[in-house]
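Just below is one structure, and these are the notes that go with it.
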Amino acid sequence: MALRMSPVTLQREIYPSYTFHQSKNLRSPKFAMASTIGSSTPKVESTKKPFTPPREVHLQVTHSMPPQKIEIFKSIEGWAEDNILVHLKPVEKCWQPQDFLPEPASDGFEEQVKELRARAKEIPDEYFIVLVGDMITEEALPTYQTMLNTLDGVRDETGASPTPWAIWTRAWTAEENRHGDLLHQYLYLSGRVDMRQIQKTIQYLIGSGMDPRTENSPYLGFIYTSFQERATFISHGNTARHAKDYGDLKLAQICGTIAADEKRHETAYTKIAEKLFEIDPDGTVLAFADMMRKKISMPAHLMYDGRDDDLFDHFSAVAQRLGVYTAKDYADILEFLVGRWKVADLTGLSGEGRKAQDYVCGLPSRIRRLEERAATRAKEGPSIPFSWIFDREVKL
Amino acid sequence: MAAVPVTCVRLTTSMQIVGKTSALKLVSMGRNKSGFPCLRTSRFQISCVAKPETVNKVCEIVKTQLALGADTVVAPDSKFASLGADSLDTVEIVMTLEEEFGISVEEENSQNITTVQEAADLIEKLVEKKNATA
């Protein structure tokens, strides 16, 4: 098994990708691609087709949850209505992107835009790389709603299903939709970035989708989303802090408001997983260990801008260097969830369940040790151009 | 691959190897990255095959890392993956080897470590280099 341990290579799956042999191969179809149905023979192509976005390399597994467990989710619909939907904010009480942007219907619009652009000028390119990457991730929302609707037992069967699960998914999507809109409009007005390249990246990314390896199992799915929401909360929280340091209080407010949403969502998803730990501790701890072994993959890891084959690696290297989202954060999130779900205190587990429990409880310190080692060996990264900022260079 | 007729000695339990270099022909016929067999005879040493003590030490470390039972056989050509190592285990094995042998494994090299033998060979190479520059 091949290894790469530099901090850059720790990025691909929020962050510890202990094996990274796949990074260069994602675009060379030298082995069976997940999208090749039925075929297991490696394809060999001598030349890479231009403008080929990366594809998922793992075998895509479906419906791994035993069908009888679907009953569980039906049976707790009442509980979900009372305990999960409460974490949604009524639309009338919600912020809208316009609340944080220059008001086009007002006479002061042009002045407000001027002020926005003046503040943005004081913010370095490297920060914009991270903000753009985050924005692109948010704009790929169709992929995430899709992912939630792949989950057995909780999917929205019609697009307007009245079950609490479906209501949650649609309302969650609606809340998230504001994030991409807000960041998109801010970036557009800022004048600091190449909107066309960014928009192209979004189109590629939504086209690529992603397989978080949740295998249609809501156990795996809700553990994944719990992790993700906390990760985005941390990430946007950090971009908010940085914006404040650069003197752009409005941008800090934008990022902070998005972070607050993510925190609320994290609360909801961790509650669902907590309920599952209560109902089926063995199944849930096995699911937790499974997701951690597979590693939590970042939603935008297949991002592509038509030019950089390693775009995600480059983006996340910058995010790591700036401290916006790091390998240490990955370990911290894991440790938090282990505590939140009281995994160490679980009893009545099967043999496999106990192994899973040990694995998950021991994992945070192993990751930290790995990350410390990688940090001590970190060489200074190269400066590479990013098409998102007109090919200006940023240090990795 | 070089078509050299060689005597193949399959080492099944490395824990029992007694290193008598004068009498021992160690030939790696397994798939190693270099693709050709290595010979070590008493007359000269081509240091592409590691000392048995090194191989033993690596086996020990692998067994500890993967919590393998005393009866589990770890052979030099055992692939870490088939012993149950995931990617994190493999990295930790390399880290332990670094600490144990006082060496530093560069990333490019670490990608080539998939078996006990490969680890031992790399260790010897690095230790030799370290001693040469000391």
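Proteins get letters first, then strands, A, B, ... in listed order; numbering begins at 1 in each. Below, all heavy atoms of this structure are taken into account, side chains as well, without hydrogens, waters or symmetry copies.
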Exercise for the section: Return yes when atom CD of E380(A) has more than 12 non-hydrogen atoms of other residues, nucleotides or ligands closer than 6.0 Å, and no otherwise. Expected result: no
Handout entry: Salt-bridge present (K294(A), D86(B); N to O < 4.0 Å)
Key = no
Handout entry: Approximate separation, where rounding is to 0.5 Å, of R377(A) CZ and E106(B) CD
Key = 6.5 Å
Fill in the blank from the handout: Rounded to the nearest 0.5 Å, the CE atom of M95(B) sits from the CZ atom of R373(A) at a distance of 5.5 Å
